[in-house]
K.L.:
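Please see the structure below; I have some questions.
Every number for a ligand or one of its atoms is a count from 1 in the order of the listing. None of these values were measured; they are calculated from a predicted model.
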Amino acid sequence: MNKLHSLNRLINEDSNKYFIRTYGCQMNEHDSEQIAFMLNKAGFKRTEDIDESDLIILNTCSIRANAENKVYGLLGQLKKYKKDKNNNKIIAICGCMPQRESSLEELTNKYENIDIIFGTNTIHKFPELLLNYINENRKEIAVRESFNLEYEVLGYSYLYSHKAFVNIMYGCNNFCTYCIVPFTRGREVSRPLEEIITEVKKLAKNGVKEITLLGQNVNSYGNDFDKPISFSELLKELDKIEGIEQIRFMTSHPKDISDKLIQSFQSLNNLERHLHLPVQSGSNRILKEMNRTYSREKYIDIVNKTRKLNPDISITTDIMVGFPGETEEDFEETLDLVRICEFESAFTFIYSPREGTKAAKMENFVDKDIINDRFKRLTDLLYEIALKKNIKLIGSVQRVLVDEISKTNDEYLNGRTSSFLNVNFKGEKDLIGKFVNVKIIDANTFALEGEIIDV
Ligand code: SAH
Ligand code: SF4
Ligand code: F3S
């Protein structure tokens, strides 16, 4: 906190605006909320206009090459500011890119305009680095330290007042052969149960109604404790907290999803009807090459069991196209699995080799045109299924937590059904943060349209 006071003394109204852009997953979004909290405490003010900012923070992602290229592109554009002494902005880079040796090298060698670099494990050091930079005009780098839960988390500047992300674990142990995350975020570390409960109680006291629990693989929560506890036990505890009306979580790995978790959708009052369960591929051969450690049969079995027990649940997934060696037969198996599982929606990705991972050394890359063709066939099928499922909901009444004014039409509000489907409906903005019952009157591939029937 001292550092924040010292920073506060250094800045004034002409030099206190910060701009933060977040790339990548919810973990990064939540880290940005922590960075925003520290800067707000130190007296900085957030701006959405990069040109008027004095401090720019880019919270980066390494998951695919295009995520990194976006950052390099923006850094190139930002070079203009360093040429003009009257318009000299401080540029800070954080997130997963600095945690990778090759990206860190490129950032430090090619972009002289970066002033401060810190990693996902050194967020708490940012105020000190900023102070050193402002005081001594010294470029600062603090990365590659190992993760330590002891570090003080000062707090978060939550983006919404009615819903919040809550970290329950950090890192990943799975080493899927294509994935950079275990290299950038390190090994799994679970947060103690009591600490999570305390945070959620505090959120509830401040009016938060929905929490989303975050972890790369929440199903292995607690495995690293001396006395292991399971993810479903954690959910059971959080379900008791008064004021929290909706609990969601991201992401589950199919390899260790338990029957108990599938039953929790029924036995707990506040667990919402949505399971995000990345499958990646429908081919057993490719799943093995990816080191996913489950079979298509096991995956389909989990989906069937979950839907049977919870008929109103939505199941969404991640699918990758063009993993090295993927044949037409492998891809057809993915399409077949999509037809069987009937996902409500899916994130689809084209495989991107990440230096340092096992898959990057595989040589049998799939031809680009073939990948593009498969990608289109896959998304066409997913869209067809999503549209069919959304149309079926016309006429139903859904309980919706109102999130915000619609980005495309300010007469409309936007929220999510329990099953995480997007709904747009006319309404006044004082309903944001409240629950409404919405009758579905129309549907397209990506969203539902409704009318509020009661508040
Ligand atoms: N921990 C989560 C996934 C986190 S990364 C899980 O295992 O379920 C989010 C998604 O990015 C992954 O599910 C995968 O589909 C995709 N992804 C990861 N590495 C990728 C790569 N090298 N190329 C393309 N997509 C990738
Ligand atoms: Fe990456 Fe696999 Fe870990 Fe998910 S489970 S973060 S895909 S290594
Ligand atoms: Fe990207 Fe790091 Fe998340 S690589 S997806 S920001 S864990």
K.L.:
Check the pair Q216, Y170 against side chain to side chain donor-acceptor pair (under 3.5 Å), reporting the backbone distance first and the verdict last.
P.N.:
CA-CA 7 Å; Q216 291 298 349; Y170 305 88; over 6 Å; no

K.L.:
Report the residue from V338, T379, L335 that forms a side chain to side chain contact (heavy atoms under 4.5 Å, CB included) with I319.
P.N.:
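So the option named by the test is V338.
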
K.L.:
Within the distance-only criterion (no hydrogens, no angle test), does the side chain of N414 pair as donor or acceptor with the backbone N or O of K407 below 3.5 angstrom?
P.N.:
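Judged by distance alone, no pair lies under 3.5 Å.
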
K.L.:
Which of parallel (below 30°), tilted (30 to 60°) and perpendicular (above 60°) describes F126 and F118?
P.N.:
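Aromatic pair F126/F118 classed parallel.
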
K.L.:
Restricting to pairs with a member in residues 167-189, which pass salt bridge (charged side-chain N to carboxylate O under 4.0 Å, His left out), not counting sequence neighbours?
P.N.:
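Of all non-adjacent pairs touching residues 167-189, those that pass salt bridge (charged side-chain N to carboxylate O under 4.0 Å, His left out) are D31-R185.
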
K.L.:
Please confirm whether the ring centroid of F37 lies under 6.0 Å from the ring centroid of Y156.
P.N.:
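Not under 6.0 Å, so no.
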
K.L.:
Please check if the distance between the ring centroids of F231 and F249 is under 6.0 Å.
P.N.:
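F231 vs F249: aromatic centres under 6.0 Å.
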
K.L.:
Check each protein residue for a heavy atom under 4.0 Å from ligand 1 and list those that pass, ordered by chain and number.
P.N.:
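Its neighbours under 4.0 Å (heavy atoms only) are I63, R64, Y178, Q216, T251, P278, Q280, R292, D318, M320, F349, I350, Y351, S352, R354, given by chain and number.
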
K.L.:
Run through the protein N/O/S atoms less than 2.8 Å from atom 1 (Fe) of ligand 3 and write them out by chain and number.
P.N.:
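Correct list: C61 SG.
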
K.L.:
Run the numbers on S157 and E33 for side chain to side chain donor-acceptor pair (under 3.5 Å), then give the verdict.
P.N.:
CA-CA 5 Å; S157 197; E33 290 179 332; over 6 Å; no

K.L.:
For the pair N291 and T177, evaluate side chain to side chain donor-acceptor pair (under 3.5 Å) and give the outcome as yes or no after the intermediate values.
P.N.:
CA-CA 6 Å; N291 190 31; T177 53; over 6 Å; no

K.L.:
At a cut-off of 2.8 Å, list the protein N/O/S atoms near atom 1 (Fe) of ligand 2, residue plus atom name.
P.N.:
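The answer is C179 SG.
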
K.L.:
Is it true that R185 lies under 4.0 Å from ligand 2, counting heavy atoms only?
P.N.:
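No; R185 lies far enough from ligand 2 that no heavy-atom distance drops under 4.0 Å.
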
K.L.:
Classify the ring geometry of F347 against H276: parallel below 30°, tilted from 30° to 60°, perpendicular beyond 60°.
P.N.:
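Ring orientation of F347 relative to H276: perpendicular.
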
K.L.:
Show your working on salt bridge (charged side-chain N to carboxylate O under 4.0 Å, His left out) between R307 and E344 and close with a plain yes or no.
P.N.:
CA-CA 12 Å; R307 289 211 193 270; E344 270 69 13; 3.1 Å; yes

K.L.:
Verify side chain to side chain donor-acceptor pair (under 3.5 Å) between E140 and N132, making sure each step is shown before the conclusion.
P.N.:
CA-CA 8 Å; E140 292 282 340; N132 290 348; 3.3 Å; yes

K.L.:
Taking the ring of Y158 and the ring of F165, is the distance between their centroids below 6.0 Å?
P.N.:
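Between F165 and Y158, the centre distance exceeds or equals 6.0 Å.
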
K.L.:
Under 4.0 Å from any heavy atom of Q216, which atoms of ligand 3 are there?
P.N.:
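What qualifies from ligand 3 is 7 (S).
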
K.L.:
For E245, which of K209, R399, K163 qualifies under salt bridge (charged side-chain N to carboxylate O under 4.0 Å, His left out)?
P.N.:
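Option passing the salt bridge (charged side-chain N to carboxylate O under 4.0 Å, His left out) with E245: R399.
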
K.L.:
H253 heavy atoms, cut-off 4.0 Å: which ligand 2 atoms fall inside?
P.N.:
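Reading through ligand 2 atom by atom, the close ones are 5 (S).
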
